[in-house]
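Because only heavy atoms are used, hydrogens play no part in the values below, and waters and symmetry mates are left out as well, while side chains stay in.
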Amino acid sequence: MTDKINKTGMKRRDFLATAGGVAMMAAFPMAPKAAIAPTQQKKAPPGAKIHRLGIYPAIGICRVGGSDKYFLAPEVPGLPPQPKGGFKDGTEQIKKQAQRFRVYAFDDKDRVIGEIKDGDASVKVEWRVHLANTKGAWYGFNNPLDNGDLAPGLPGQKRNQYFVSNKEREEMLVIDGGEKKIRGRNQNKKGNDAKYQFAGAFWGNKKEEDKVKLGKLATDSKGRLIVIPPDGVSKSPTQAPITSFADNNGWYDDWCDGPVQAEVTFKNGSKMEADTAWVACVGPNFAPEIPPVTTLYDTISNMNADEKWTPAITGKLSFRKYIYPIFRRLALMEWVSSASNLREGWLGVGDFSDPKYIRKIADPSKGNKSFREKLFSKFRNPYNDSPTAYLDERLKIPMMVGDGINYDGSPLQWFQFPKQQYEFLRAWSKGNFIDDFEDDKADNIKSVEHIDVELQPHALTEAALEPCSGGAFHPGVELTYYLRIPTMYARHYDKKAEPFRLAHKKRDNLVQDIGRLLTLDKAMEGDKDLGTAPPLGPQWAGDLTRWMGLPWQCDAFSCQQVLMQEDFPTAVWWPALLPIDVLPEKYYDELMDDKLSDTERVKFFENRVDWKRGVAGIGYHANASYWDGITNMIDLWERMGFVVKRKGPRKAGQGGLEAVPNEMYVEVGRGNVEPRFDWKPSMGDLPN
């Protein structure tokens with residue numbers, strides 16, 4: 001592995017707007033594969049004494065939904081969630097994604113003893129969670145502040161500036177759910193126990209019925225914590241209009257975040273506090289089986305490598321862990337973006353969904369080196385920041401915009417791979433990898449309990465962050481660029497702290513005033529005159545989600561395709577979370593109808609439609625009726641379809657259906673997005 005993985009500096013870069021010689025799966029799409037990142041941790045010997053406790057995942061992700069039903073977030077890297085009955089509850093309402101947390105014990109040599117479960121050996125676990133939404137009291141978003149001269153950060157003013165004093169801003173703009181405690185097994189199983197419900201006032205509306213709900217707590221049959229997110233509601237008590245993609249005064253939403261803590265009481269009466277974790281409640285993932293090309297785990301892992309908080313990855317890379325996922329993610333993007341679906345024509349590359357092509361990609365032999373290096377040259381080079389980089393790197397993989405989008409001609413207008421991930425590809429191109437695609441033990445992993453105990457804690461963190469987008473951060477679809485800033489993490493302040501664990505520190509209040517403008521200097525250093533700690537430092541409740549768009553639907557749904565200096569291909573934002581071009585269920589049904597001719601069936605299969613179709617005004621930021629579009633999405637977001645895997649037709653891949661795969665990804669569960677037709681017609685209401 002090249003030294004560049006650990007020796008390159010982390011210069012981060014902002015607009016509106018496996019197989020080889022082994023038996024592969026018979027047809028597209030390539031199957032999800034459990035792939036666990038190696039760690040330095042080892043299994044403790046029998047009888048080892050507990051020295052430390054930690055909560056995992058270190059950062060957990062909940063996703064809002066209007067349904068009372070929920071499913072658990074992924075717990076095995078490489079395997080997507082599979083909620084029983086799908087991602088909607090049978091109506092148009094989206095099921096919530098809840099995050100489960102566990103406590104693990106370590107000995108004095110940091111070896112993993114195992115999971116601590118409430119009730120086992122008379123152990124008691126008391127969980128504490130503090131959730132808050134402080135978006136309305138934070139600063140506006142213009143672009144990331146950490147991209148240097150390539151895309152200089154733009155200062156942001158305070159949201160809701162007409163509330164001047166911090167006391168008034170705290171009372172009117174902070175939705176504080178407070179800290180809740182829970183202990184025991186199967187607590188709040190039905191979810192209706194008020195003492196486990198987070199809620200807070202906004203705009204002075206302190207009546208219980210007016211409070212904003214921020215989620216609730218429960219425990220499972222082993223006493224593990226379950227954080228259940230809120231409904232995804234956004235409202236304006238003053239009926240204020242939407243005037244910004246990210247900063248709308250007088251509005252609230254119910255995204256929230258905060259620390260997750262636990263105190264364990266042992267049989268002898270001794271108590272031990274576990275290392276603090278974090279939970280963030282964010283928006284839905286509308287293509288939950290299609291991971292982003294670069295995940296949030298990849299981005300934070302890159303930062304850990306740059307800081308030398310994790311050991312260098314040396315020797316030959318695992319194809320299954322470090323290479324196959326990249327090509328699989330690229331292949332699956334064909335189902336959510338036409339720019340990717342037509343990639344072979346734009347870039348002259350092969351079909352990443354073709355098993356024969358993947359066999360060639362997975363071949364580490366010297367004779368295959370020229371093929372690998374040519375393919376590697378098609379990936380966007382994050383080291384290229386030359387004056388011509390914008391043009392040099394335009395038609396490269398992936399065809400996505402970056403967080404420097406508001407600087408024409410900047411190389412950061414295009415999506416940038418984290419350098420560690422790019423170096424994985426470079427090592428692959430040179431043949432510095434092993435073909436370990438087929439691994440029966442890994443293929444049999446279906447739950448975290450199937451993973452070796454010493455790998456379980458980190459695997460839980462990896463699985464939680466893997467479905468989240470690792471860019472572009474403008475501000476982002478879930479969380480944003482601050483997660484690549486070292487001062488956000490406990491390891492920056494304590495060499496014994498684990499990577500991925502956020503620094504945590506309570507303040508006098510949830511409002512963090514660093515002056516009239518948010519600048520990079522103020523974000524990193526705070527305001528000494530005001531005595532304010534830096535926001536890009538130790539965190540408290542509400543600190544992660546406050547940087548995101550307000551309300552959340554405006555940014556999420558305004559960022560779809562971006563028409564730039566060239567007409568085609570059209571660059572996209574976050575297609576693996578918010579699809580762009582999809583195969584609708586109606587077309588899929590026609591494809592499956594064997595009464596039609598093969599020619600007609602293939603026509604339906606080959607056509608894609610706009611995922612946001614029918615929502616008036618949705619599109620690029622400069623379009624006419626843009627404000628109407630993102631305002632509509634505040635009410636219509638739950639009616640959007642989910643892209644999920646479906647079986648192909650009988651005789652797929654044969655004869656007239658040769659171009660049709662055995663499996664495909666289809667938009668399902670889409671509701672009626674036309675607000676005028678919300679009424680339920682009776683027979684007498686139906687038109688002639």
**Student:** Would you check if E585 and E667 make a side-chain contact, meaning some heavy-atom pair closer than 4.5 Å?
**Tutor:**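 No, too far: nothing below the 4.5 Å cut-off.
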**Student:** Look at atom CD of E658 and say whether more than 12 heavy atoms of other residues, nucleotides or ligands are closer to it than 6.0 Å.
**Tutor:**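 No, not enclosed.
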**Student:** Taking the six-membered ring where the residue is Trp, are the ring centres of H474 and F141 under 6.0 Å apart?
**Tutor:** yes
**Student:** Answer yes if the ring centres of F87 and F71 are under 6.0 angstrom apart, and no otherwise.
**Tutor:**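 Ring centroids of F87 and F71 are less than 6.0 Å from each other.
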**Student:** Counting distance only, does the side-chain N/O of Q553 pair as donor-acceptor with the main-chain N or O of W637 below 3.5 Å?
**Tutor:** no
**Student:** Mind listing the closest non-hydrogen atom pair of M303 and P486 along with its distance?
**Tutor:** SD-CA, 3.9 Å
**Student:** A side-chain contact here means heavy atoms from C-beta on lying under 4.5 Å apart; do P475 and F245 qualify?
**Tutor:**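 They are in side-chain contact.
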**Student:** Just so I know, are the side chains of T310 and S301 near enough to count as touching, which here means a heavy-atom distance under 4.5 Å?
**Tutor:** no
**Student:** Y407 side chain to P152 main-chain N or O, any donor-acceptor pair under 3.5 Å?
**Tutor:**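 Here the side-chain-to-backbone pair exists.
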**Student:** Okay, side chain of D257, backbone of L544: is any donor-acceptor separation there less than 3.5 Å?
**Tutor:**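 Side chain of D257 to backbone of L544, a donor-acceptor pair under 3.5 Å: yes, one is there.
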**Student:** Find out whether N368 and K360 are in side-chain contact, i.e. whether some heavy atom of one side chain is under 4.5 Å from a heavy atom of the other.
**Tutor:** yes
**Student:** Has the side chain of Q97 got a donor or acceptor atom that lies under 3.5 Å from a matching backbone atom of P284?
**Tutor:** no
**Student:** Determine the minimum heavy-atom distance between K645 and E289, stating which atoms define it.
**Tutor:** N-OE1, 2.7 Å
**Student:** To check you understand the geometry: which heavy-atom pair defines the closest contact between P74 and P467, and what is its length?
**Tutor:**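 Nearest pair, atom of P74 first, then P467: CG-CG, 4.0 Å.
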**Student:** Do the ring planes of Y422 and F417 sit parallel (below 30°), tilted (30 to 60°) or perpendicular (above 60°)?
**Tutor:**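 It falls in the tilted class, 30° to 60°.
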**Student:** Check whether R343 reaches the backbone of V349 with its side chain - one donor and one acceptor, N or O, closer than 3.5 Å.
**Tutor:**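 Absent.
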**Student:** Within 45 degrees of the axis of the six-membered ring of Y322 and under 6.0 Å from its centre: does R320 put its NZ or CZ there?
**Tutor:** no
**Student:** What verdict does the salt bridge (charged side-chain N to carboxylate O under 4.0 Å, His left out) test give for E638 and K88, after you've listed the backbone C-alpha separation in whole Å, the side-chain angles of each residue and the deciding distance to 0.1 Å?
**Tutor:** CA-CA 9 Å; E638 283 200 279; K88 292 193 175 184; over 6 Å; no
**Student:** Can any side-chain N or O of E478 pair as donor or acceptor with the backbone N or O of S469 at less than 3.5 Å?
**Tutor:**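 Flag set: sc E478 to bb S469 pair under 3.5 Å.
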**Student:** Over all heavy atoms of both residues, which pair between E334 and S353 is shortest? Give the atoms and the distance, please.
**Tutor:**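 The answer is OE1-OG, 4.2 Å.
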**Student:** If the test is side chain to side chain donor-acceptor pair (under 3.5 Å), which one of Q421, Q416, R329 qualifies with T294?
**Tutor:** Q421
**Student:** Kindly state whether the ring of F379 and the ring of W428 have centres lying under 6.0 angstrom apart.
**Tutor:** no
**Student:** On a heavy-atom basis, which atom in G283 and which in W552 lie closest, and how many Å separate them?
**Tutor:** CA-CZ3, 4.4 Å
**Student:** Give a yes or no answer on whether the side chain of N302 reaches the backbone of T299 with a donor-acceptor pair at less than 3.5 Å.
**Tutor:** no
**Student:** Does R372 use its side chain to pair, donor to acceptor, with the backbone of S365 at less than 3.5 Å?
**Tutor:**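 Side chain of R372 to backbone of S365: a pair is present.
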**Student:** Would a 4.5 Å heavy-atom cut-off, applied to side chains only, mark F327 and L375 as touching?
**Tutor:**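 Yes; the side chains approach each other to less than 4.5 Å.
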**Student:** Which atom names give the shortest non-hydrogen contact between L583 and N607, and what distance separates them?
**Tutor:** CD1-O, 3.7 Å
**Student:** Does any N or O in the side chain of R380 come within less than 3.5 Å of the main-chain N or O of E393, such that one atom is a donor and the other an acceptor?
**Tutor:** yes
**Student:** Do Y665 and V336 come within less than 4.5 Å of each other through their side chains, counting heavy atoms only?
**Tutor:**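 No. Closest side-chain heavy atoms not under 4.5 Å.
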**Student:** For the CD atom of E462 and the OG1 atom of T295, what is their distance to the nearest 0.5 Å?
**Tutor:** 7.5 Å
**Student:** Side chains of Y383 and E423: do they bring a donor and an acceptor to under 3.5 Å?
**Tutor:**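 A donor-acceptor contact under 3.5 Å links the two side chains.
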**Student:** When you compare the side chain of P292 with that of L577, does any pair of heavy atoms fall below 4.5 Å?
**Tutor:**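 Yes, at least one pair of side-chain atoms sits under 4.5 Å.
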**Student:** Working note: L479 + I61, criterion side-chain contact (heavy atoms from CB on, under 4.5 Å); need CA distance, chi angles, decisive distance, verdict.
**Tutor:** CA-CA 10 Å; L479 301 173; I61 303 294; 4.2 Å; yes
**Student:** Measure the acute angle between the ring planes of F286 and F642, then classify it against the limits of 30° and 60° as parallel, tilted or perpendicular.
**Tutor:** tilted
**Student:** Salt-bridge test for E663 and R646: reply yes if a basic N is under 4.0 Å from a carboxylate O, no otherwise.
**Tutor:** no
**Student:** Is there a side-chain contact between F500 and N304 (heavy atoms, below 4.5 Å)?
**Tutor:** yes
**Student:** Is the ring centre of F473 less than 6.0 Å from the ring centre of Y482?
**Tutor:** no
**Student:** Start with the C-alpha gap between Q413 and V401, add the side-chain angles, then the distance that decides, and say whether side-chain contact (heavy atoms from CB on, under 4.5 Å) holds.
**Tutor:** CA-CA 6 Å; Q413 280 199 274; V401 293; over 6 Å; no
**Student:** Does D435 offer a backbone N or O that forms a donor-acceptor pair with the side chain of K316 under 3.5 Å?
**Tutor:** no
